[in-house]
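Below is one structure, written out as structure tokens; the observations come after it.
Here is how names work: the chains are called A, B, and so on, in the same order as the sequence lines, proteins then strands, and each is numbered from 1. Not measured: the values here are computed from a predicted model. Keep in mind that the numbers below use all heavy atoms, side chains included, and drop hydrogens, waters and symmetry copies.
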Amino acid sequence: MIENRYQPSAVEGRIYKAWEDAGAFRAGRPERAKAEPYCIVIPPPNVTGSLHMGHALNNTLQDILCRFERMRGRDVLWQPGTDHAGIATQAVVERQLAERKLPSSREMGREAFIKRVWEWKAESGGTIISQLKRLGASCDWSRERFTMDEGLSRAVMKVFVTLYREGLIYRDKRLVNWDPKLKTAISDLEVQQVETKGHLWYIKYPIEHHANEFIVVATTRPETMLGDVAVAVHPDNERLKHLIGRHAILPLVGRRIPIIADDYADPEKGSGAVKITPAHDFNDFEVGRRHDLPLINIFDADAHLDLKDNAAFLKAVPASAEFDATMALHGLDRIAARKNIVERLEALGLLEKIEATSHVVPHGDRSGAVLEPFLTDQWYVDAKTLAQDAIAAVRERKTVFVPAQWEATFFNWMENIQPWCVSRQIWWGHQIPAWYGPDGKIFVAETEDDAVADALAHYTDIEEITVEEGHDIAADPDRRGRFARDYIRRDEDVLDTWFSSALWPFSTLGWPDETPELKRYYPTSALVTGFDIIFFWVARMMMMGLHFMKEIPFRDVYIHALVRDATGAKMSKSKGNVIDPLELVDKYGADALRFTLAAMAAQGRDIKLSEQRVEGYRNFATKLWNAARFAEINGCGRDPEFDPRRANETLNRWIAHEAAKTGREVTAAIEAYKFNDAAAAIYRFVWNVYCDWYLELIKPVLTGVDGAAKSETRAAAAWALDEILKLLHPFMPFVTEELWRVTAENGAKRGHMLVLESWPVHDRLDNAEAETEIGWVIDLIGAIRSVRAEMNIPPATMLPLVLAGVTPPTAERAKRWSDFVQRLARVGEISVADTAPQGSLQLVVRGEVAALPLKGVIDLAAERARLAKEMAKAEADIARVDAKLGNANFVARAPEDVVEEEKEKRAEAQGRKAKIAEALERLKGAA
RNA sequence: GGGCGCUUAGCUCAGCGGGAGAGCGUUCCCUUCACACGGGAGAGGUCGUAGGUUCAAUCCCUACAGCGCCCACCA
């Protein structure tokens, strides 16, 4: 017995558990051993995060694909898991420590801190998984992985070591984007360029030995002048080139710096001369390299001035009062230093002018801090080399982006890719498997044991020492450990989180072991993700997958929109501006939210979720529920004997025809990743075809006499409902599964839960005659309803209907469908006559006249106006078509079928016009 | 400075070569025995502007305007 109202919260949990208990989501179910595999790897959410709207969209789309393919008989693996999200997670735990007034990470030390993060992971790591389950995600949870679990960590180590040995990972000292707040290097991608209002300071640098002669440089960062090592002038700069080869004296410091010639100095920009600070500017770094200039780093890791004990800074600077004042700035932060320096320059009369300017300032996307180009040793991946195969794979369409426009974005970045800085100065993550000997020798190895072995082989003198002690180090793990601690030191840095994410499509399947899963499910079928991580993630998976598996990681990449918050800002777990999808699930059910997201999946880059829309799709679920209740009340139960191809009743053949059409639409749309089209097709079929017409039309049959027609109709109604449940299941899994269960009580037993049912393939169900027949009935009822509303005929008035001058087939039709028309159009007796009775409303339906006699109560003027309007419409239609057909070019050049179509249109409009003209004539007669 | 996208009904958006659609909102009618989270009937758009291509343009091309995004080292 179907409850009066569907209550999502009361059934969703139970249904999800039933799916899991049945092992419905398990990959490699024995009965599908020979089935074609279908695999999606989930974009792993932050382990300590919670579900936001972006996750809801992303996972709804993946779930639709997985459920669809599962119903199509594929062996589906939706591989779930979570990401350790290095910087983000570390920041969360550090914030917690601060809030609870506990010792900071630095105070407690690395080991204790990492332990703490693992505890936090254990505590909150399950949250997002349980939230995905509430959404209905059909992942194979038995295979859940974590980027820092043992297997995946082994994959990370192996990849690092392999790339190192291939020369594709290397250590380099160069400028990096340094986040002074997090005190770590970050990659180019993590830099946000922010348009900022600032100033351009024009500073006069005195020329050596010429106290009254200056070279003026313009800068947005005056504080970095302490690290200046040169001033550059364009070699063709007529105004300034005479200074090339001479020296300037750096104000406030007294350092003697050369004036050099370099193309980089644009005569049109600033003052035409540019200060060169190689340790604090990416361009200047390059200039410095070209001219073999020294690097003077004036900041520490916090971006505070670091001047004392700074050999490079102090080198060859004569003593002066100004220099002493500058030294006093040691330890000051950038902004305070800037203020001081500008003030002192002004006092010295060395500040020529200040211009207001707007320029881009790099910020860290996690911390929001202003970044500092900072000279450090970091690990880099040679992305340029790895990118080549990835570019080729997309060019050759081995991997296809949907929508294709994203390929351009992909190429644009990949073809200009820079070395990828993968080391991070934080603790939560995969510690880099590199050990340093006392002489700086680097040992890169997958395990500490291996590194120790390498070191032992290298430092033969140390081996001698241990031999003297009478121990064979190679055979004694404890000694080896001590040796490692005492003589080689592991790199303290960890890898960029995206390094492990890049391996996700194969590391989750067991690589580096040659597992059956790896063999069966790689390459994966599709990747579903947002455009914001095409570079961070998609491109890097392509590079790593091709390099280590020698094959693309996925065939299709479906890129969906981002869900933004009310202000249009990107929602992110670290910003905390998330809208909680679970509130919507609580309120309207998971199905309603899922359907909403699927229906909106075609939108562009922004999705602004409207709660009203979710409410509308909740109503849709309720509508379906009530349709099922109606079917139950009327004894419609599943009949395995029912074959829609052999249905006798036109209505039943018609609904089978419509179901087949819808099935094809939904299938084609999902195959093309057009989730919104698929959702619209099934929505229309359920509401506007099945409920609005089919169920209404079969009411006379269901309430009529028992017999073959009635029993067939009951079976057909149940059959069509089943088809609906199947087609809708990927979008609304809960309500459909629940209806699948409860409707089984009224008919033959089900073989499976709906989740494992086969997707409908509707062969030979098309039926043009049924479509024409029912189309006529629908048109007739629609025309009568319209005119009744327009002429204000009360619903209770049951007017007789007279079909005037119709052909015998129409008269037959009218007879066949009189019960139906009477009920839905609220008309009385239906008869056939040669002409419409005097004083009746005359409707033209498919070229024939249907009349509603009103026995003198008809408002002649209103009726005349109505017919005149129809007439005008018909004439306009004819004129439009005539204009086309009268155009010789159109007839000559348009495709034949288009011309034919226009001719048919004209014939139809002309026929309609003739009937309306007759009706107007009769109306005159009545007057 | 490059690149991409958007501009369609009051709102949120589909459609993208043969005279426009959905949801919500709105107007009128209906408490008809599945459903008022409902039923029926409407109103509402010169598809940003100007050119061009075409027999035909909301849809293709060009320019312009407005909005948004991505990438980029110009002081």
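A donor-acceptor pair under 3.5 Å links the side-chain atoms of A:His363 to the main chain of A:Val361, judged by distance alone.
Across residues 585-598 of chain A, not one residue has a non-hydrogen atom less than 4.0 Å from an atom of RNA chain B. Within residues 881-888 of chain A, the residues approaching RNA chain B are A:Lys884, A:Asn887, by heavy-atom distance under 4.0 Å.
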At a cut-off of 3.5 Å, list every protein nitrogen or oxygen paired with a nitrogen or oxygen from nucleotides 21-27 of chain B, distance to 0.1 Å.
residue	atom	partner	partner atom	Å
B:C24	O2'	A:Gln612	OE1	2.5
B:C24	O2'	A:Gln612	NE2	3.0

Find every protein N or O atom lying less than 3.5 Å from an N or O atom of nucleotides 42-47 of chain B, and list the pairs.
residue	atom	partner	partner atom	Å
B:G42	OP1	A:Ser786	OG	2.8

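The distance from atom CG of A:Asn792 to atom P of B:G40 is 19 Å, rounded to the nearest whole Å. A straight line from CD1 of A:Ile534 to C1' of B:G3 spans 13 Å, rounded to a whole angstrom. Atom CH2 in A:Trp413 sits about 9 Å away from atom P in B:A72, given to the nearest Å. Atom-to-atom, CG of A:Leu609 to P of B:C13 comes out at 11 Å; the value is rounded to the nearest Å. For the pair A:Phe531 CZ and B:G68 C1', the computed distance is 10 Å after rounding to whole Å. A straight line from CD of A:Gln405 to C1' of B:C69 spans 12 Å, rounded to a whole angstrom. Atom pair A:Gln192:CD and B:C69:P shows a separation of 11 Å (rounding to whole Å applied). Look at CG on A:Leu697: it is 12 Å from P on B:G40, rounded to the nearest Å.
Within the 4.0 angstrom heavy-atom criterion, base atoms lie near A:Arg5. Nucleic acid contact class of A:Arg618 (heavy atoms, under 4.0 Å, all strands): base. Residue A:Pro794 is out of contact with every strand shown, counting any heavy-atom pair closer than 4.0 Å. Residue contacts for A:Ala892: at a heavy-atom cut-off of 4.0 Å it reaches no nucleic acid atom on any strand shown. Among the atoms of the strands shown, none is found under 4.0 Å from any heavy atom of A:Ala680.
Judged purely by distance below 3.5 Å, without hydrogens or angles, the side chains of A:Glu286 and A:Tyr264 never pair a donor atom with an acceptor atom. When only modelled atom types and interatomic distance are considered, A:Asn4 and A:Arg629 share a side-chain donor-acceptor pair under 3.5 Å. With hydrogens and angles left out, the side-chain atoms of A:Ser358 and A:Glu195 include a donor and acceptor closer than 3.5 Å. A:Glu738 and A:Tyr6 are not linked by any side-chain donor-acceptor pair at a separation below 3.5 angstrom, with hydrogens and angles left out of the test. A:Asn746 and A:Glu632 share a side-chain donor-acceptor pair at under 3.5 Å. Remark: the A:Thr224 side chain and the A:Lys275 side chain contain an N/O donor-acceptor pair separated by less than 3.5 Å. Remark: the A:Thr662 side chain and the A:Glu665 side chain contain no N/O donor-acceptor pair separated by less than 3.5 Å. Judged by distance alone, the side chains of A:Asp262 and A:His291 do bring a donor and an acceptor atom under 3.5 Å apart.
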(message) Under the criterion side chain to side chain contact (heavy atoms under 4.5 Å, CB included), I'd like the reasoning laid out for A:Phe890 against A:Leu885: C-alpha separation, chi angles, the key distance, then a yes or no.
(response) CA-CA 7 Å; A:Phe890 172 76; A:Leu885 289 170; 4.1 Å; yes

(request) Verify side chain to side chain contact (heavy atoms under 4.5 Å, CB included) between A:Leu226 and A:Thr277, making sure each step is shown before the conclusion. (result) CA-CA 8 Å; A:Leu226 304 184; A:Thr277 323; over 6 Å; no

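In this structure, A:Asp677 and A:Val787 both approach RNA chain B, and ranking their closest nucleotides by distance from the 5' end singles out A:Asp677. Where A:Leu695 and A:Val898 each meet RNA chain B at their nearest nucleotide, the meeting point lying more 5' is that of A:Val898.
Listed pair A:Lys608 / B:C11 fails the phosphate criterion, with no side-chain N or O lying under 4.0 Å from OP1 or OP2. Under 4.0 angstrom from either OP1 or OP2 of B:G18 there lies no side-chain N or O belonging to A:Lys905.
Residue A:Lys699 places its side chain closer to B:A34 than to any other of B:A14, B:A34, B:G18. Listed nucleotides: B:A34, B:G40, B:G5. Nearest to the side chain of A:Asp692: B:G40.
Of the options A:Lys905, A:Arg906, A:Arg912, a salt bridge (charged side-chain N to carboxylate O under 4.0 Å, His left out) to A:Asp877 is made by A:Arg912 and by none of the others. Checking A:Phe531, A:Phe401, A:Phe411, A:Trp413 one by one against A:Trp406, the ring pair (Phe, Tyr, Trp, His ring centres under 6.0 Å) holds for a single residue, A:Phe531. For the ring pair (Phe, Tyr, Trp, His ring centres under 6.0 Å) test with A:Phe675, the passing option among A:Phe731, A:Tyr558, A:Phe595 is A:Tyr558; the others fail.
Separation of the C1' atoms belonging to B:G1 and B:A75 is 16 Å when rounded to the nearest angstrom. Taking atom C1' on both nucleotides, B:C4 is separated from B:G40 by 46 Å, rounded to a whole Å. To the nearest whole angstrom, the two C1' atoms, one in B:U58 and one in B:A20, are 8 Å apart. Comparing the P positions of B:C69 and B:A63 gives a spacing of 23 Å, expressed to the nearest Å.
Counting atom types as modelled, A:Glu696 pairs a side-chain N or O with a base atom of B:A34 as donor and acceptor under 3.5 Å.
A cation-pi arrangement is present between A:Arg540 and A:Trp420 under the rule of less than 6.0 angstrom and at most 45 degrees off the ring axis.
For A:Tyr683 and A:Tyr617, the distance between ring centers is under 6.0 angstrom.
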Enumerate, atom names and distances included, each donor-acceptor pair closer than 3.5 Å involving a side-chain atom of residues 685-695 of chain A, sequence neighbours excluded.
residue	atom	partner	partner atom	Å
A:Asn688	ND2	A:Asp692	OD2	3.3
A:Tyr690	OH	A:Ala717	O	2.8
A:Tyr694	OH	A:Asn652	OD1	2.7

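A distance of 6.0 Å separates CG of A:Leu801 from CG of A:Leu780, quoted to the nearest 0.5 Å.
Helical stems of RNA chain B (runs of at least 3 Watson-Crick or G-U pairs, donor-acceptor distances under 3.5 Å) are listed by first residue: B:1-7 with B:65-71, B:10-13 with B:21-24, B:26-30 with B:38-42, B:48-52 with B:60-64.
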